[in-house]
Amino acid sequence: MAQPQAAITHIGQARARIDGPLKVTGTARFTSDHHLPGMLYAVPVGATVAKGKVTAIDTARGRQMPGVRAIFKRGDLPIRRITPNFGESVMVDEARPPFEDDVVRYYGQYVALAVADTFEQAKAAADAVAVTYTAETPNVDPHLAAKDTKIVSKRGNAEKAYAGAPVTIDASYGIAPETHNPIETHATVATWDGDELTLYETSQGIVNHRNVLADMLGLPRHKVRVIAKFIGSGFGGKLWPWMQSPLAAAATIKLGQPVKLVLSRPMMFHAVGHRPGIAQRIRLGASRDGKLVSLQHDYVNTTSILDDYDENCGEATPHMYSVANLRVTSGLAKRNVGTPTSMRGPGAVPGLFATESAMDELAVKLGIDPVELHLRNDPKLDEGLRIPFSSRHLKECLTLGAEKFGWSHRNPQVGAMKRDGMTLGWGMAACSWIAARFDCSVSVELRDDGTVRVASASQDIGTGTYTVMAQMAAEMLSIAVELVEVVIGDSNLPAGALSGGSMLTASLVAPIEEAIAAAGKALIGKLVADKHSPFGGAKPNTLEFKHGRVTEKKGAQVMAFDEALRALKLTTVSGQGNGRGSFGEAKPKFSSHSFGAQFVEVTWQPEIARLRVARVVSVFDAGRILNPLAARNQIEGAIVMGIGMALFEGTEYDAASGAPINASLADYVVATNADVPALDVHFIEYPDFNLNSLGARGVGEIGLAGLAPALTNAVYHATGVRVRELPLKLENLL
Ligand code: MOS
């Protein structure tokens, strides 16, 4: 008999990734690592105009080249149009199936697909396809204006309060389109056995991917299986399927052999989403003592010709500040570019760049310290939804961050702080990111050797999902993490949740707990039913399953699940849990968000136009942190992206051709190690039990949310130049 044992605490332990050894030894197989017998290679042909019509596609030369199996074009592959539906898990941002018509609406739009025995042969054949177009001048104008705008959030009378405010700010902010550049480019390996389609995919949501592909190909969903065991990051670019996937799938069905399609880095800039270009105008009205009286936030983002992608820049605006009069409006500007999509922190992150820049401008105008200005305008409830916050500790983030950074030593005078002959700039920003759950199912199998299998059709995009799932199950069962086998990345498993919106971790807690409870209940049922078992004949309700042990409620008998299984001569007992989502609830009781404060020090040497990020201090209120190592790693990655967003990243479209002209990692500059100082990351841990029993939120996106404005506010402090367009241009600082 086992001894009663209190829960051992795996939650909160800094554990290295359980999948780390597989990755560093090269054992982990990513999508493009799959080599199937008889596999063919597909290379898409992208349009070389951004607006026009395909008048002819001549494939004759390509078809005669060695190894070429087929060159598909309009009419050759039956791919259906679907109606995107987020709630039903049939979501895509680009709804047009490939080859649907002859109209070209963006540069790189797929017009043909070459398939051959080798990648080189397919590439040569794709290059040999001659496409003729009637071309028109595309609209890729970076200056944005919307014809129609709609009100996203409104309270009081923002215009009137603004007109009467003693101190006002009216400023416009631009953000260049950013392209996702995960190390792993989008890829599909598709194979068809005549009945069932298997797709190895780069996907942040394998269940949604399965549904979309089944519908596009006209197959029953149970005949499509999507596998994504390892993913080389996604950042939102892999939330929904893009059109290389149905192309590869339709090609494998047509040819009867496996097909691999891996996008090149330049193709990543065409047809797999991006953060759109964004123009925002912020008008703030305040009293002389720094109380906001009016906030107007108007944003316009680019979208593609056919799809209305709304960046939702006002997501954080209504709940960030206490202000009686507020109005947020949105608008779209159609451009001849591929369809935009979510990019890490969609909506709130670009929105906060605008509002947090404007708050800094207001602080300067009022002569009030920006930390103090935030403290004076911290709301007691979500004034947009008029409901309480589940847990909001932004003030503590601000004060702790200020303390860790040494903010009290700041001289607010522009350019007044010096070190080693350089000018210092100190800036800060507050931030927020939504917290919620998605529907998520998990199965758990308890085994007679003391190990446990936890399975869900969720996926680990590199964030540590394998590890936190093992930690959760180990915690709930009071066993070692090493005894937990986590099985994810296969759509045949119980339907899991997206790796998106920083919501997967929070979504997994309840179903794992429920699945364990169900397995425990089943085990108790078997024990009492078996006369020869130690609990034979007992009433089931006198027993409970606690810490992985069948325990007498009143007596002293305790039996670990593996002992119980062995006593029953059973190898396993299993249970399933079905977690309910909270995202998009019509009438939420609480406003659930994570919060943070970020402080940046830059050094500026005008003599040589050298701007460096010298220090970043971040404090986050993101609920209970399940694994500080993985959480810190998420935040650090997000900060690196934030430095890129502020200083480097921007997709440029050629006005004549509509082509993204910096479509490579040489020309599209991202932050590198040399651009990033040591990062000081703190979590203040207030468990958010409204979200789940562990109080965990999610940390995938919040680390990016205040970085760009904190950095550009620091640049203002050093140089006196207000950066209102991202990425920052050094020449503007001189
Ligand atoms: Mo995130 S932009 O939901 O991957």
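Start at 1 with the first residue, then count along the sequence.
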Student: Does the T339 side chain pair with the main chain of D307, one donor and one acceptor, at a distance under 3.5 Å?
Tutor: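 Looks like no, no N/O pair under 3.5 Å.
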Student: I'd like to know if the side chain of E601 reaches the main chain of G425, judged simply by a donor and an acceptor atom lying under 3.5 Å from each other, with no hydrogens or angles considered.
Tutor: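 Checking the backbone N and O of G425 against the side chain of E601, no donor-acceptor pair under 3.5 Å is found.
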Student: Going by atom types only, do S591 and D382 share a side-chain donor-acceptor pair under 3.5 Å?
Tutor: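 Yes, a side-chain donor-acceptor pair sits under 3.5 Å.
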Student: Donor-acceptor pair, distance only, cut-off 3.5 Å: does the side chain of D93 make one with the backbone of G273?
Tutor: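 Such a contact is absent between D93 side chain and G273 backbone.
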Student: Can you spot which of R281, Q280, R327 makes a side-chain hydrogen bond (donor to acceptor under 3.5 Å, both in side chains) with D298?
Tutor: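 That would be R327.
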Student: Please confirm whether the ring centroid of Y686 lies under 6.0 Å from the ring centroid of F595.
Tutor: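 Ring centres of F595 and Y686 not closer than 6.0 Å.
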Student: Can you tell me which residue among H593, E315, H319 is in a side-chain hydrogen bond (donor to acceptor under 3.5 Å, both in side chains) with S432?
Tutor: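 Option passing the side-chain hydrogen bond (donor to acceptor under 3.5 Å, both in side chains) with S432: H319.
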Student: Between K418 and T423, do the side chains contain an N or O donor and an N or O acceptor separated by less than 3.5 Å?
Tutor: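 Yes, because at least one side-chain N or O of K418 sits under 3.5 Å from a partner of the opposite role on T423.
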Student: Counting C-beta onward and ignoring hydrogens, is there a side-chain heavy-atom pair between V602 and T719 closer than 4.5 Å?
Tutor: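 A side-chain contact under 4.5 Å is absent here.
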Student: So does K160 have more than 12 non-hydrogen atoms from other groups sitting under 6.0 Å from NZ?
Tutor: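 Open.
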Student: Is it the case that the side chains of N325 and S294 hold a donor-acceptor pair, with the cut-off being a distance below 3.5 Å and no angle test?
Tutor: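 No, no side-chain donor-acceptor contact under 3.5 Å.
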Student: Would you mind reporting whether V152 and T329 have side-chain heavy atoms less than 4.5 Å apart?
Tutor: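 Answer no - side chains too far apart.
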Student: Nearest heavy-atom pair of P677 and A614: which atoms, and what distance?
Tutor: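 Reported closest heavy-atom pair: CB-O, 3.2 Å.
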Student: Under the ring-ring contact (aromatic ring centres under 6.0 Å, His included) rule, what do H180 and H274 come out as? Steps first, then yes or no, please.
Tutor: CA-CA 6 Å; H180 303 81; H274 57 276; 8.0 Å; no
Student: Is there a side-chain contact (heavy atoms from CB on, under 4.5 Å) between K404 and H682? Walk through the geometry before answering.
Tutor: CA-CA 9 Å; K404 298 279 180 195; H682 303 271; 3.5 Å; yes
Student: May I ask you to check whether F599 and W407 place their ring centers less than 6.0 Å from one another?
Tutor: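 Ring centroids of F599 and W407 are less than 6.0 Å from each other.
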Student: May I ask you to check if R615 and F405 form a cation-pi contact, with NZ or CZ under 6.0 angstrom from the six-membered ring centre and within 45° of the axis?
Tutor: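 Satisfied, under 6.0 Å and within 45°.
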Student: At what distance, to the nearest 0.5 angstrom, does CG of L292 lie from OH of Y321?
Tutor: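 Between L292 CG and Y321 OH, I get 8.0 Å after rounding to 0.5 Å.
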Student: Under a 3.5 Å distance rule, please check whether N692 uses its side chain to pair with a backbone N or O of L508 as donor and acceptor.
Tutor: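 No; judged by distance alone, with no hydrogens or angles, the pair does not exist.
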Student: Of all heavy-atom pairs between L394 and C431, which one has the smallest distance, and what is that distance?
Tutor: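 Heavy atoms of L394 and C431 come nearest at CD1-O, 4.5 Å.
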Student: Between atom CG of L284 and atom NZ of K365, what is the distance when rounded to the nearest 0.5 Å?
Tutor: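 If we round to the nearest 0.5 Å, L284:CG and K365:NZ are 10.0 Å apart.
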Student: Test side-chain contact (heavy atoms from CB on, under 4.5 Å) on R15 and V468; report intermediate values, then the result.
Tutor: CA-CA 9 Å; R15 280 198 76 93; V468 291; over 6 Å; no
Student: CZ/R344 to CH2/W433 distance, rounded to the nearest 0.5 angstrom?
Tutor: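 If we round to the nearest 0.5 Å, R344:CZ and W433:CH2 are 11.0 Å apart.
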Student: Could you go step by step and tell me if R724 and E361 meet the salt bridge (charged side-chain N to carboxylate O under 4.0 Å, His left out) rule?
Tutor: CA-CA 11 Å; R724 297 196 186 92; E361 300 204 32; 2.9 Å; yes
Student: Run the side-chain contact (heavy atoms from CB on, under 4.5 Å) check on L733 and V715 step by step: do they pass?
Tutor: CA-CA 9 Å; L733 304 186; V715 168; 3.7 Å; yes
Student: Indicate the ring-plane relationship of F683 and F620, choosing parallel, tilted or perpendicular according to the 30° and 60° boundaries.
Tutor: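 Because their plane-to-plane angle lies in the 30° to 60° range, the rings of F683 and F620 count as tilted.
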Student: Do F269 and Y653 have side chains that get closer than 4.5 Å, going by heavy atoms?
Tutor: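 No - every pair of side-chain heavy atoms lies 4.5 Å or more apart.
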Student: List in chain and number order the residues that pass ring pair (Phe, Tyr, Trp, His ring centres under 6.0 Å) with F235, two or more places apart in sequence or in another chain; answer none if no residue qualifies.
Tutor: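 Listed in chain order: nothing, the list is empty.
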Student: State whether the side chain of E649 and the backbone N or O of E178 hold a donor-acceptor pair below 3.5 Å, judged by distance alone.
Tutor: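 A pair under 3.5 Å: no.
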Student: Determine yes or no for a side-chain-to-main-chain donor-acceptor pair under 3.5 angstrom, with S304 supplying the side chain and V337 the backbone.
Tutor: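 Pair absent, no side-chain N/O of S304 close to backbone of V337.
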Student: Can any side-chain N or O of D688 pair as donor or acceptor with the backbone N or O of R624 at less than 3.5 Å?
Tutor: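 Answer holds: no.
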Student: Taking V616's backbone N and O only, do any of them form a donor-acceptor pair with D680's side chain (distance below 3.5 Å, no angle check)?
Tutor: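 Absent.
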Student: State plainly whether the residues R697 and D621 are in salt-bridge range, i.e. N to O under 4.0 Å.
Tutor: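 Yes, charged N to carboxylate O under 4.0 Å.
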Student: Evaluate the salt bridge (charged side-chain N to carboxylate O under 4.0 Å, His left out) criterion for residues R722 and D360: first the C-alpha distance (whole Å), next the side-chain angles of each, then the deciding distance (0.1 Å), finally the verdict.
Tutor: CA-CA 10 Å; R722 185 57 70 178; D360 197 69; 3.0 Å; yes
Student: Taking the side chain as every heavy atom from C-beta outward, state whether Y716 and V364 have any pair of such atoms under 4.5 Å apart.
Tutor: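 Yes; the side chains approach each other to less than 4.5 Å.
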Student: Would you say I183 has more than 12 foreign heavy atoms packed within less than 6.0 Å of its CD1?
Tutor: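 Count not over threshold, so no.
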Student: If I take atom CG from residue L704 and atom CD from residue Q634, how far apart are they, to the nearest 0.5 angstrom?
Tutor: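 Going from the CG atom of L704 to the CD atom of Q634 covers 11.5 Å.
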Student: Assess the residue pair E636 and R632 against the criterion (salt bridge (charged side-chain N to carboxylate O under 4.0 Å, His left out)); give the C-alpha distance rounded to whole Å, side-chain angles, the decisive distance to 0.1 Å, and a yes or no.
Tutor: CA-CA 6 Å; E636 288 178 343; R632 189 191 154 83; 2.8 Å; yes
Student: Donor-acceptor pair, distance only, cut-off 3.5 Å: does the side chain of E311 make one with the backbone of G347?
Tutor: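 Pair found, side chain donor or acceptor close to backbone of G347.
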Student: To the nearest 0.5 Å, tell me how far L504 CG sits from I461 CD1.
Tutor: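 Atom-to-atom, L504:CG and I461:CD1 are 8.5 Å apart.
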Student: Among side-chain atoms of H374 and E356, is any donor-acceptor pair under 3.5 angstrom?
Tutor: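 Yes, side-chain donor-acceptor contact under 3.5 Å.
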Student: Short question: side chain of Q605, backbone of M422 - any donor-acceptor pair under 3.5 Å?
Tutor: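 No; zero donor-acceptor contacts below 3.5 Å.
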Student: Considering only heavy atoms from C-beta outward, does the side chain of S499 approach that of F438 to under 4.5 Å?
Tutor: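 No; the side chains remain at least 4.5 Å from each other.
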Student: Measure from the ring center of F389 to the ring center of F590 and say whether it is less than 6.0 Å.
Tutor: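 Between F590 and F389, which both carry aromatic rings, the centre distance is not below 6.0 Å.
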Student: Can you find a side-chain donor-acceptor pair between Y299 and T149 that sits under 3.5 Å?
Tutor: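 Absent: no donor and acceptor within the cut-off.
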Student: Identify the two heavy atoms, one from S330 and one from D310, that lie closest to each other, and give their separation to 0.1 Å.
Tutor: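 So the two residues come closest at OG-OD2, 3.8 Å.
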Student: With a 4.5 Å cut-off on side-chain heavy atoms, are T317 and L352 touching?
Tutor: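 A side-chain contact under 4.5 Å is absent here.
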Student: Side chains of Y173 and L726, heavy atoms from C-beta outward: is any pair under 4.5 Å?
Tutor: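 In short, these two side chains do not touch, never coming nearer than 4.5 Å.
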Student: One pair to check against side-chain contact (heavy atoms from CB on, under 4.5 Å): S357 and T712. What are the steps and the verdict?
Tutor: CA-CA 8 Å; S357 294; T712 52; 4.2 Å; yes
Student: Of the non-hydrogen atoms in A286 and P166, which two are nearest, and what is the gap between them?
Tutor: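 Distance-wise, the nearest heavy atoms are O-CD, 3.3 Å.
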Student: Go through the steps to decide whether E725 and K729 satisfy the test salt bridge (charged side-chain N to carboxylate O under 4.0 Å, His left out), and finish with yes or no.
Tutor: CA-CA 8 Å; E725 301 287 331; K729 290 195 174 54; over 6 Å; no
Student: Nearest 0.5 angstrom please: S592 OG to L691 CG, how far?
Tutor: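 Here the interatomic distance stands at 5.5 Å.
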Student: Could you check whether T303 and D308, counting side-chain N and O atoms only, form a donor-acceptor pair closer than 3.5 Å?
Tutor: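 Their side chains do not contain a donor-acceptor pair, so the 3.5 Å distance test is not met.
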Student: With the side chain counted from C-beta on, respond yes when W426 and N411 share a heavy-atom pair under 4.5 Å apart, and no when they do not.
Tutor: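 In short, these two side chains do not touch, never coming nearer than 4.5 Å.
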